[in-house]
Amino acid sequence: MAITLTERAAAQVRRILEKRGHGLGLKLGVTPSGCTGFAYKLDVADTAGPQDLVFESHGVKVLVAQDDLPMLDGTVIDYRREGLNESFKFDNPNVKATCGCGESFAV
């Protein structure tokens, strides 16, 4: 069971934390959304809750609630620039379908 960051994603999270001035790491979760069921949610975590699992990649912590882990286990998070756009991208082996706009997924 693991969630990993690429070097680019870890570097971006470090930049966010440095700019913010504090934070423990990246909080990854899912929320019901869209036409296929779920969407990723990202936030900065200041502390780990009792239900959070903590993974570390390239010196950056990623926190995931135990309830979300079955949908996220094995996910690799990258940070990509495509033209003028920059964003985190998710390679999630649990995804069975995605919506046409790419905003939601089903497991």
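Worth saying up front: this structure is predicted, and the values here are computed from it rather than measured. We number each residue from 1, following the sequence as shown.
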J.: Within this structure, what is the OG1-NE2 distance for the pair Thr4 and His58, rounded to the nearest 0.5 Å?
T.: 7.5 Å
J.: State plainly whether the residues Asp68 and Lys27 are in salt-bridge range, i.e. N to O under 4.0 Å.
T.: no
J.: Test side-chain contact (heavy atoms from CB on, under 4.5 Å) on Val95 and Phe90; report intermediate values, then the result.
T.: CA-CA 10 Å; Val95 170; Phe90 305 90; over 6 Å; no
J.: Calculate, to the nearest 0.5 Å, the distance between atoms CD and CG belonging to Gln51 and Leu53 respectively.
T.: 8.5 Å
J.: Looking at CG of Leu72 and CD1 of Ile3, how far apart are the two atoms once the value is rounded to the nearest 0.5 Å?
T.: 5.0 Å
J.: What's the verdict on side-chain contact (heavy atoms from CB on, under 4.5 Å) for Asn92 and Tyr40, showing C-alpha distance, side-chain angles and the deciding distance?
T.: CA-CA 11 Å; Asn92 183 344; Tyr40 298 104; 3.2 Å; yes
J.: Are the side chain of Arg8 and the backbone N or O of Tyr79 linked by a donor-acceptor pair below 3.5 Å?
T.: yes
J.: About how many Å separate CG of Leu17 and NE2 of His22, when rounded to the nearest 0.5 Å?
T.: 10.0 Å
J.: Output, in order, the C-alpha distance, side-chain angles, deciding distance and verdict of side-chain contact (heavy atoms from CB on, under 4.5 Å) for Phe88 and Leu5.
T.: CA-CA 10 Å; Phe88 288 100; Leu5 297 170; 5.6 Å; no
J.: Is it true that, when you exclude Arg81 itself, more than 12 heavy atoms of the residues, nucleotides or ligands shown sit nearer than 6.0 Å to its CZ?
T.: no
J.: Atom CZ in Phe55, atom OG1 in Thr75: separation rounded to 0.5 Å?
T.: 10.0 Å
J.: Can you tell me how far apart CG (Leu26) and CG (Leu63) are? Round to the nearest 0.5 Å.
T.: 8.0 Å
J.: Is the side chain of Asp73 donor-acceptor paired with the backbone N or O of Ala2 at a distance under 3.5 Å, no angle test?
T.: yes
